[in-house]
Amino acid sequence: MPDSTPQRFTDLAALRHCVAGWRAAGERVVLVPTMGALHEGHLALMAEARQIGRRTVASIFVNPTQFGPNEDFSRYPRDLAADLALLAQAGADAAWTPEVDTMYPPGFATRIEVAGLSEGLCGPFRPGHFAGVATVVTKLLNQVRPDVALFGEKDFQQLRVIQQAVADLDLAVEIRGVPTLREIDGLALSSRNRYLAPEERAVAPKLHAVLADIAAASRNGTPVAGRIAAGKAALEAAGFRVQYLAVCDARTLAPVERVDGPARVLTAAFLGRTRLIDNLSV
Ligand code: PAF
């Protein structure tokens with residue numbers, strides 16, 4: 001595994017100059033957008049990036065516009081030194097770490113809304129979240145101008161929203177999803193897992209277990225409603241507060257009553273104060 005400190009940029013002109021040099025040399029550039037608090041899941045994205053391109057850039061920006069007023073923006077874990085050390089291990093060429101004022105200077109007035117895909121699942125529980133994500137990701141893509149950008153499938157609705165925005169806006173970048181990395185007990189890796197108290201951490205893998213049961217039971221085209229109700233009851237009995245648990249068309253994210261094409265089972269649930277999301281292919 002390589003270990004050399006990535007070039008860190010906080011100035012957009014300097015970042016653009018660097019990436020333009022790579023592109024002029026014919027080097028393929030891959031971006032991994034993050035909010036920092038990096039973990040093995042992000043490192044898997046970086047490893048994938050290194051397979052795809054000659055140059056890899058990770059962005060680290062805790063984007064205020066995708067957090068609601070009662071969400072965890074102020075307590076979101078931030079440790080830039082640790083993140084840069086991990087990016088060095090992962091062999092990243094550059095880290096783009098803009099300040100809030102660089103991303104949203106005074107007078108900033110644009111928002112990208114992706115209708116339809118943003119409206120279900122997490123949408124009603126996190127008003128404005130996907131507009132915040134679509135806007136910041138569009139900016140990151142314009143700033144870095146990568147050939148490919150990688151996103152974890154754990155945030156499957158986010159991935160679909162970004163794919164739609166990129167297609168609709170004719171952005172010249174390929175968006176690829178990377179399968180979720182899990183702990184040995186099935187819990188999806190997430191920066192927010194570090195909020196979990198030990199007793200919550202012990203219960204958290206139940207989320208994946210319920211998704212796996214529903215995915216297995218839904219494959220034969222039987223109606224999904226009964227399985228979803230049973231899954232929700234099992235999660236609530238284990239101490240979760242379920243926001244949604246649904247089987248959806250993998251492209252449109254519209255709920256389906258039975259599976260007859262590519263589908264995904266998706267959930268969001270609170271354990272104490274920590275909101276966990278996860279999903280599986282059906
Ligand atoms: O998934 C994330 O970490 C964030 O939503 C993203 C894509 C970096 C945008 O802020």
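Each ligand, and each atom within it, is numbered from 1 in the order the structure gives.
At least one test fails for Arg111 against the ring of Phe130: distance under 6.0 Å to the centre or angle within 45° of the axis.
With hydrogens and angles ignored, the 3.5 Å screen pairs no side-chain donor or acceptor of Lys154 with any backbone N or O of Ser190. Although no hydrogens or angles enter the test, the distance criterion places a donor-acceptor pair under 3.5 Å between the side chain of Arg194 and the main chain of Ala37.
Residue Pro33 approaches ligand 1 through these ligand atoms, each under 4.0 Å from one of its heavy atoms: 8 (C). Atoms of ligand 1 lying under 4.0 Å from any heavy atom of Val136, numbered from 1 in the order shown and given with element: 9 (C), 10 (O). Within ligand 1, counting atoms from 1 as listed, the ones closer than 4.0 Å to a heavy atom of Thr34 are 8 (C).
Under the 3.5 Å distance criterion, with hydrogens and angles disregarded, no donor-acceptor pair is assigned to the side chains of Arg126 and Gln66. Side-chain atoms of Arg160 and Gln163 include a donor-acceptor pair closer than 3.5 Å.
Checking only distances, Gln158 does come within under 3.5 Å of ligand 1, N or O to N or O.
The single protein non-hydrogen atom nearest to atom 10 (O) of ligand 1 is Gln66 OE1, 2.6 Å, given as residue, atom name and distance.
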